[in-house]
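So the structure is just underneath, and the comments pick up after that.
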Amino acid sequence: MQDFHATSMQVKDFDLRHTFESAQPLTFHADYNPALNSLIYASGKNLISVMHVGGTGSGKVMVVSEDLGFASNEVIRRFRLNDNMRSIYKKINTDQFIAESIKRYRGMRLTLNDPWETTVCFIISQFNNVKRIRSIIKNMVARFGEPILDGDNKIIGRAFPSSEILRNASIKELMKCGTGFRARYIKSAAEYCTDNLDLYGLNQNDYYGLKEALMEIDGVGDKVADCIILMGYGNLNAFPVDVWVKRTIEKVYFKGKKKKIKEIHKFAEDMWQNWRGYTQQYLFWHFRQMKNDERRVYEGIKQRY
DNA sequence: ACCCAGGCGGGCG
DNA sequence: CGCCCGCATGGG
């Protein structure tokens with residue numbers, strides 16, 4: 001056994017379940033226990049357990065880890081617990097559709113993840129589905145991740161594999177994880193991010209700078225770059241436009257009329273300014289969770305502004 | 001069996 | 001540029 005410690009903190013407007021289920025990088029390989037509403041994940045070489053008790057509006061987050069000083073800061077950072085959701089909801093709640101999403105998924109947070117990990121996760125996400133993304137990422141962690149040991153040298157978890165590790169993996173080994181045609185992107189990105197680009201040296205506040213730099217990575221285009229900027233750097237100016245967000249915007253705000261990606265970016269910027277990253281998460285998840293007949297109700301909704 | 005999944009790069013007009 | 005196509009793989 002390792003020497004674990006526990007602490008707890010009061011949190012407002014937080015819901016671990018919605019956050020976990022809403023398909024973000026952290027949640028692709030963490031172990032979530034719905035009965036306990038708790039999550040175990042690796043942050044570098046540290047294993048952290050988070051449990052959410054009490055309600056969404058006002059509850060408690062319990063943290064268990066070997067290094068509590070590190071872990072409690074990590075949890076606050078990772079789940080963006082310092083975000084004032086009351087104020088963010090006020091900014092992004094421009095209409096009935098978003099109001100409904102906030103009502104259903106109140107407490108769902110954006111997560112802030114390691115930039116490299118986020119890059120790999122979203123390269124894998126392309127032309128793929130969430131279930132398979134989870135399984136591929138888990139396979140990669142199991143096969144390539146550095147083991148985390150307890151006091152008896154027993155493996156109790158694995159870190160997400162670094163770019164150095166993955167650049168030395170063969171395409172064949174990567175394919176065995178189920179990566180498919182994305183294996184060469186991962187390999188190439190691992191080489192590039194080890195030799196030519198320091199992901200940890202980029203300015204998280206410079207949206208356009210980040211986008212330009214990230215799109216130099218093989219396998220990273222407009223949408224994946226925005227995901228990395230949003231969930232790997234925490235820059236809320238990013239508004240990733242995937243097929244779901246595109247459908248949502250077209251259906252809800254343009255009566256189903258087709259719009260170009262550029263037009264959607266412009267629309268999002270005008271509507272939700274520098275909070276649009278949060279809007280994207282609430283639009284995406286609400287629309288994804290709805291059934292088709294329910295989606296029809298939201299065509300051409302009234303906007304407040 | 002067939003279809004689709006949080007896109008991207010390359011090739012063509 | 002803008003548009004179109006193929007792409008590994010497994011679950012519904």
Side-chain angles (χ1 to χ4, degrees), chain A residues 18-29 101 105 108-113 115 117-140 142-143 169-193 211-233 235-236 238-252 258-266 268 276-292 295:
Chain A
H18 292 324
T19 305
F20 172 78
E21 288 177 348
S22 63
Q24 304 187 47
L26 155 78
T27 72
F28 289 151
H29 61 92
S101 178
Y105 304 107
M108 176 172 66
R109 303 276 174 146
L110 282 168
T111 57
L112 179 57
N113 307 272
E117 181 175 333
T118 309
T119 301
V120 176
C121 285
F122 282 105
I123 284 176
I124 290 169
S125 78
Q126 66 172 269
F127 198 45
N128 214 340
N129 61 63
V130 173
K131 213 163 219 166
R132 250 175 59 75
I133 297 166
R134 282 212 164 101
S135 118
I136 294 169
I137 298 286
K138 283 187 172 175
N139 292 342
M140 288 182 67
R143 183 176 282 258
S170 68
I171 299 284
K172 205 171 175 184
E173 285 177 298
L174 290 169
M175 295 276 278
K176 276 189 186 164
C177 300
T179 53
F181 66 91
R182 309 162 195 85
R184 66 180 180 84
Y185 292 147
I186 296 165
K187 172 90 173 167
S188 163
E191 287 169 358
Y192 187 72
C193 293
K211 193 142 185 183
E212 196 182 342
L214 293 170
M215 284 181 67
E216 288 300 310
I217 303 170
D218 198 17
V220 176
D222 178 78
K223 188 267 173 180
V224 169
D226 273 328
C227 285
I228 302 168
I229 295 169
L230 184 58
M231 298 176 215
Y233 290 91
N235 187 321
L236 300 181
F239 188 87
V241 181
D242 60 34
V243 288
W244 292 98
V245 170
K246 186 165 181 295
R247 281 174 207 160
T248 309
I249 298 278
E250 287 167 349
K251 225 179 203 335
V252 175
K258 295 287 175 200
K259 289 286 161 186
K260 288 171 186 166
I261 304 277
K262 267 197 169 177
E263 296 177 301
I264 293 177
H265 278 303
K266 174 78 166 61
R276 55 193 183 276
Y278 254 108
T279 313
Q280 191 270 0
Q281 187 64 17
Y282 277 84
L283 287 178
F284 167 74
W285 196 240
H286 186 25
F287 198 75
R288 276 237 38 187
Q289 294 298 90
M290 285 193 301
K291 304 285 180 217
N292 272 329
R295 283 176 187 147

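Basis for what follows: all heavy atoms, side chains included, without hydrogens, waters or symmetry-related copies. Letters go in sequence order (proteins before strands), and every chain restarts at 1.
- Positionally, the nearest nucleotide of DNA chain C for A:K260 lies more toward the 5' end than for the other of A:K260 and A:G180.
- Looking at heavy-atom distances under 4.0 Å, A:A183 makes no contact with the nucleic acid at all.
- A straight line from CD1 of A:I124 to P of B:dG7 spans 14 Å, rounded to a whole angstrom.
- Taking 4.0 angstrom as the limit, A:R182 places none of its side-chain polar atoms (N or O) nearer than this to OP1 or OP2 of C:dA8.
- Only the C1' atoms considered, C:dT9 is 22 Å distant from B:dG10, to the nearest whole Å.
- Nearest-nucleotide positions on DNA chain C for A:Q126 and A:K131 put A:Q126 closer to the 5' end.
- OP1 and OP2 of B:dG7 both lie 4.0 Å or more from every side-chain N or O belonging to A:K246.
- Base pairing of B:dG6 is not made with any nucleotide, judged by Watson-Crick or G-U wobble geometry with both donor-acceptor distances under 3.5 Å.
- Using atom P as the reference point in both B:dG6 and C:dC3, the two lie 24 Å apart (nearest Å).
- Side-chain nitrogen and oxygen atoms of A:R247 include at least one within less than 4.0 Å of the OP1 or OP2 phosphate oxygen of B:dA5.
- Counting heavy-atom neighbours within 6.0 Å of A:E212 CD, excluding the residue itself, gives a total of 12 or less.
- C:dC7 has its base stacked against the ring of A:F127, the centroids being under 5.5 angstrom apart at an interplanar angle below 30°.
- Across the C1' atoms, C:dG10 and B:dA1 are found 14 Å apart, a figure rounded to whole Å.
- A:D218 CG to A:K187 NZ: the interatomic distance, rounded to the nearest 0.5 Å, is 13.0 Å.
- Closest-nucleotide positions on DNA chain B for A:I133 and A:I217 were compared, and the one nearer the 5' end corresponds to A:I133.
- Note on ring orientation: taking the six-membered ring where Trp is involved, the planes of A:F28 and A:F122 are perpendicular (angle over 60°, cut-offs 30° and 60°).
- Going from the C1' atom of B:dC4 to that of C:dC7 covers 14 Å, rounded to whole Å.
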